[in-house]
A.B. asks: 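Have a look at the structure that comes next, please.
Just so you know, residue 1 is the first one in the sequence shown, and it goes up from there.
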Amino acid sequence: MFGDKIAGFIESPVMQIIGSSNAARRPEIGRAVGAWISAESDTIDLVTSAWQWPETVANLLENGRIAVTFARPADYVSYQLKGQATIRPAESHEVERSSQYIVAIVSTQMRLGLLPELIMPVLSNRDPMLITMRVASVFVQTPGSHAGERIWSTTP
């Protein structure tokens with residue numbers, strides 16, 4: 001698909017910001033708490049909280065338009081993936097994977113000096129939903145001269 005480097009990055013403890021929009025194109029953001037490349041290697045699965053991010057879940061149910069930014073907290077190396085998503089309640093093994101991500105990202109951010117009480121409020125897998133994203137394009141979003149550069153796409 002888009003390479004082992006990006007796949008490894010997505011599955012590492014990085015911040016995961018979901019962008020969606022409603023029918024009127026009003027933007028909404030939410031957080032994912034765990035992402036991994038699916039077994040078929042052509043989609044990405046992410047867990048989000050319907051309790052914490054109800055508008056994001058509603059938008060994805062309505063139209064499936066999604067952009068997800070993955071950013072490493074130590075240096076803000078970032079990639080944004082855009083595509084189409086479906087969403088359903090997460091199964092127990094997906095929630096477990098999400099819980100492991102939460103531990104890893106909290107530990108990563110605490111090593112950078114952040115206090116848990118600043119980190120935890122945006123990391124919930126209460127009422128967990130699984131987003132399955134078919135990626136259409138990948139962009140560099142790391143600040144600098146290559147920000148916004150498309151590095152992979154399903155179309156030439």
A.B. asks: Scan for ring pair (Phe, Tyr, Trp, His ring centres under 6.0 Å) pairs involving residues 76-119, sequence neighbours excluded, and state none if there are none.
C.D. replies: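 Every pair satisfying ring pair (Phe, Tyr, Trp, His ring centres under 6.0 Å) with a residue in residues 76-119: F9-Y79.
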A.B. asks: Taking side chain to side chain donor-acceptor pair (under 3.5 Å) as the test, write out the residues that go with R111, two or more places apart.
C.D. replies: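 R111 satisfies side chain to side chain donor-acceptor pair (under 3.5 Å) with T108 once adjacent residues are dropped.
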A.B. asks: Flag yes if more than 12 heavy atoms outside L114 fall under 6.0 Å of its CG atom; otherwise flag no.
C.D. replies: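 Atom CG in L114 is packed in, count exceeds 12.
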A.B. asks: Could I get the full list of side-chain contact (heavy atoms from CB on, under 4.5 Å) partners for E149, not counting sequence neighbours?
C.D. replies: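 Per chain and number, E149 pairs via side-chain contact (heavy atoms from CB on, under 4.5 Å) with H146, I151.
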A.B. asks: In Å, rounded to the nearest 0.5 Å, how long is the span from CG of N22 to CG of L60?
C.D. replies: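 Answer rounded to 0.5 Å: 11.5 Å.
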A.B. asks: What distance do R25 atom CZ and N59 atom CG have between them, rounded to the nearest 0.5 Å?
C.D. replies: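 Separation between the atoms: 11.0 Å.
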A.B. asks: Considering all heavy atoms of both residues, which atom of V122 and which atom of W53 are nearest to each other, and what is their separation?
C.D. replies: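 Nearest pair, atom of V122 first, then W53: O-CZ2, 4.0 Å.
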A.B. asks: With a 4.5 Å heavy-atom cut-off, do P89 and M129 have their side chains touching?
C.D. replies: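 Yes, side chains in contact.
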A.B. asks: So if you build clusters from Ile, Leu, Val, Met, Phe, Trp, Tyr with side-chain heavy-atom gaps below 4.5 Å, do I37 and W152 land together?
C.D. replies: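 Yes, I37 and W152 fall within the same hydrophobic cluster.
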A.B. asks: Can you hop from I87 to V33 via hydrophobic side chains spaced under 4.5 Å?
C.D. replies: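 No; V33 is not reachable from I87 via cluster members.
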A.B. asks: Under 3.5 Å, which donor-acceptor pairs do the side chains of residues 131-140 form with other protein atoms, sequence neighbours left out?
C.D. replies:
unit_1: T132; atom_1: OG1; unit_2: D45; atom_2: OD1; d: 2.9
unit_1: R134; atom_1: NH1; unit_2: D42; atom_2: OD2; d: 2.9

A.B. asks: State, to 0.1 Å, how close V95 and P128 come at their nearest heavy-atom pair, and which atoms those are.
C.D. replies: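 Reported closest heavy-atom pair: CG2-CG, 3.5 Å.
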A.B. asks: Not counting sequence neighbours, list each pair that qualifies as a salt bridge (Lys or Arg N to Asp or Glu O under 4.0 Å) and has a residue in residues 92-109.
C.D. replies: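 Only R88-E94 qualify under salt bridge (Lys or Arg N to Asp or Glu O under 4.0 Å).
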A.B. asks: Do you know which two heavy atoms are closest between N63 and A23, and how far apart they sit?
C.D. replies: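 So the minimum-distance heavy-atom pair works out to ND2-N, 4.2 Å.
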A.B. asks: Is a side-chain donor or acceptor of S38 paired with a backbone partner of T43 at a separation under 3.5 angstrom?
C.D. replies: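 Checking the backbone N and O of T43 against the side chain of S38, a donor-acceptor pair under 3.5 Å is found.
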A.B. asks: Answer yes if W36 and I66 sit in the same cluster of Ile, Leu, Val, Met, Phe, Trp and Tyr residues linked by side chain heavy atoms under 4.5 Å apart, and no otherwise.
C.D. replies: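 Not linked; separate clusters.
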A.B. asks: Which pairs, with at least one residue in residues 4-16 and sequence neighbours excluded, count as a salt bridge (Lys or Arg N to Asp or Glu O under 4.0 Å)?
C.D. replies: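 As it turns out, there is no salt bridge (Lys or Arg N to Asp or Glu O under 4.0 Å) pair with a partner in residues 4-16 once direct neighbours are skipped.
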A.B. asks: What are the two closest non-hydrogen atoms of S99 and N125, and how far apart are they?
C.D. replies: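 In terms of heavy atoms, the two residues are closest at OG-ND2, 3.2 Å.
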A.B. asks: For R26, check salt bridge (charged side-chain N to carboxylate O under 4.0 Å, His left out) against everything at least two apart and list the hits.
C.D. replies: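 Checked R26 against salt bridge (charged side-chain N to carboxylate O under 4.0 Å, His left out); matches are E28.
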A.B. asks: Determine the minimum heavy-atom distance between S49 and S124, stating which atoms define it.
C.D. replies: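 That closest heavy-atom pairing would be CB-O, 3.2 Å.
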A.B. asks: Can you name the side chain to side chain donor-acceptor pair (under 3.5 Å) partners of T142, sequence neighbours left out?
C.D. replies: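 Not a single residue meets the side chain to side chain donor-acceptor pair (under 3.5 Å) criterion with T142.
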A.B. asks: Please report the shortest heavy-atom distance between P73 and I105, naming the atom on each side.
C.D. replies: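 Closest approach of P73 to I105: CG-CD1, 4.2 Å.
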A.B. asks: Give the cluster check for V68 versus M15: same hydrophobic cluster or not, with ILVMFWY residues linked at side-chain heavy-atom distances below 4.5 Å.
C.D. replies: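 No, it is not one cluster - the side chains of V68 and M15 are not joined through contacts under 4.5 Å.
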A.B. asks: Check side chain to side chain donor-acceptor pair (under 3.5 Å) between S92 and all other residues, then give those that pass, not counting sequence neighbours.
C.D. replies: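 Scan of S92 (side chain to side chain donor-acceptor pair (under 3.5 Å), adjacent residues dropped) gives none.
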A.B. asks: Kindly state each residue pair satisfying salt bridge (Lys or Arg N to Asp or Glu O under 4.0 Å) with at least one member in residues 73-86, sequence neighbours excluded.
C.D. replies: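 Of all non-adjacent pairs touching residues 73-86, those that pass salt bridge (Lys or Arg N to Asp or Glu O under 4.0 Å) are R72-D75.
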A.B. asks: Excluding sequence neighbours, so at least two apart, what forms side-chain contact (heavy atoms from CB on, under 4.5 Å) with V103?
C.D. replies: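 S107.
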A.B. asks: Would you check if L46 and F70 make a side-chain contact, meaning some heavy-atom pair closer than 4.5 Å?
C.D. replies: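 A side-chain contact under 4.5 Å exists here.
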A.B. asks: Looking only at atom types and distance, does a side-chain atom of Q52 sit under 3.5 Å from a main-chain N or O of R126, one as donor and one as acceptor?
C.D. replies: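 Side chain of Q52 to backbone of R126, a donor-acceptor pair under 3.5 Å: no, none is there.
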A.B. asks: Is there a side-chain contact between I10 and L81 in this structure, where contact means two heavy atoms from C-beta onward sitting under 4.5 Å apart?
C.D. replies: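 With C-beta onward as the side chain, the pair touches.
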A.B. asks: With sequence neighbours excluded, what pairs up with T155 under the side-chain contact (heavy atoms from CB on, under 4.5 Å) test?
C.D. replies: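 Only R150, S153 meet the side-chain contact (heavy atoms from CB on, under 4.5 Å) criterion with T155.
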A.B. asks: Between R31 and L123, is any pair of side-chain heavy atoms under 4.5 Å apart?
C.D. replies: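 Yes, side chains in contact.
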A.B. asks: Looking at CG of L130 and CD of E91, how far apart are the two atoms once the value is rounded to the nearest 0.5 Å?
C.D. replies: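 If I round to the nearest 0.5 Å, the distance is 8.0 Å.
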